[in-house]
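What follows is one structure encoded as structure tokens, with my remarks underneath.
Heavy-atom basis, side chains included; hydrogens, waters and symmetry copies ignored.
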Amino acid sequence: GGGVQAVNAWFGPAGTVTPLHTDPHHNLLAQVVGRKYVRLYAPAHTAAMYPFPDGMNTNSSQVDLSDVDHDKFPLFKDAPYLDCVLSPGQMLYIPPGWWHAVYSLSVSFSVSFWWC
């Protein structure tokens, strides 16, 4: 264990959205340029995230954070979350299985390091 699985570079304009999802590895998200808003939900609240039931998107939520349908996803409104804004030079550790969504608040460049 402990080996690097992937290094991902993320570049985009303000308003870029990464919808609510989980990653399979430990993740260090390093902000290089610009600012990003990150919202996180613990794995204990997976049922309230309404993951897609099958296929390639089982690690992704059916909930659209910008327009939550509380009738369709009633458990979601009570799910506690943590959030933060990452600025240049800051890093955030995201454990495996934690649900997270990311919003670029400005032109942004980040690097994520995944490891086992």
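- Annotation: side chain of L20 is not in contact with side chain of Y50 (no heavy-atom distance under 4.5 Å).
- Contact check for V38 versus C84: side-chain heavy atoms found under the 4.5 Å cut-off.
- For S87, the side chain to side chain contact (heavy atoms under 4.5 Å, CB included) criterion is met by R35, Q90, not counting sequence neighbours.
- Rounded to the nearest 0.5 angstrom, N27 CG and T22 OG1 are separated by 11.0 Å.
- Neither L82 nor M49 shares a network with the other; the hydrophobic side chains, linked directly or stepwise wherever heavy atoms of I, L, V, M, F, W or Y lie under 4.5 Å apart, form separate groups for each.
- Checked by atom type and distance alone, the side chain of S104 never pairs as donor or acceptor with a backbone atom of G12 at under 3.5 Å.
- Take Y81 and apply the ring-ring contact (aromatic ring centres under 6.0 Å, His included) test, not counting sequence neighbours, and it matches Y41.
- At least one side-chain heavy atom of N8 sits under 4.5 Å from a side-chain heavy atom of S112.
- Applying the side-chain hydrogen bond (donor to acceptor under 3.5 Å, both in side chains) rule to T46 yields the partners W99; only residues at least two apart in sequence or on another chain are considered.
- T18 OG1 to L29 CG: the interatomic distance, rounded to the nearest 0.5 Å, is 9.0 Å.
- Under a hydrophobic-cluster definition in which Ile, Leu, Val, Met, Phe, Trp and Tyr are linked whenever side-chain heavy atoms come within less than 4.5 Å, directly or via other members, F109 and V107 are assigned to the same cluster.
- P43 and P96 get closest at one heavy-atom pair: CG-O, 4.3 Å.
- By the side-chain hydrogen bond (donor to acceptor under 3.5 Å, both in side chains) test, Y37 pairs with R39, D83, sequence neighbours left out.
- Each ring-ring contact (aromatic ring centres under 6.0 Å, His included) pair with one or both residues in residues 9-32, not counting sequence neighbours, appears once here: H21-H100, H25-W114, H26-Y93, H26-W115.
- Linking Ile, Leu, Val, Met, Phe, Trp and Tyr residues whenever their side-chain heavy atoms come within less than 4.5 Å leaves L65 and V102 in two separate clusters.
- For the pair G34 and P88, the tightest heavy-atom approach, listed with the atom from each and the gap, is O-CD, 3.1 Å.
- Remark: F113 engages no residue in a ring-ring contact (aromatic ring centres under 6.0 Å, His included) (not counting sequence neighbours).
- By the side-chain hydrogen bond (donor to acceptor under 3.5 Å, both in side chains) test, N57 is found to be paired with no residue, residues two or more places apart in sequence or in another chain being considered.
- D23 is not listed as a side-chain neighbour of W98, based on a closest heavy-atom distance of 4.5 Å or more.
- Chaining together hydrophobic side chains whose heavy atoms lie under 4.5 Å apart leaves M56 on its own.
- Think of F52 as one node in a network of Ile, Leu, Val, Met, Phe, Trp and Tyr side chains linked at under 4.5 Å; it has no links at all.
- With sequence neighbours excluded, the residues forming a side-chain hydrogen bond (donor to acceptor under 3.5 Å, both in side chains) with S110 are Q31, K36, listed by chain and number.
- L28 places none of its side-chain heavy atoms less than 4.5 Å from the side chain of L92.
- Partners of V4 under the side chain to side chain contact (heavy atoms under 4.5 Å, CB included) rule, at least two apart in sequence or in another chain, are V7.
- For residues 65-80, the pairs satisfying side-chain hydrogen bond (donor to acceptor under 3.5 Å, both in side chains) are D64-S66, with sequence neighbours left out.
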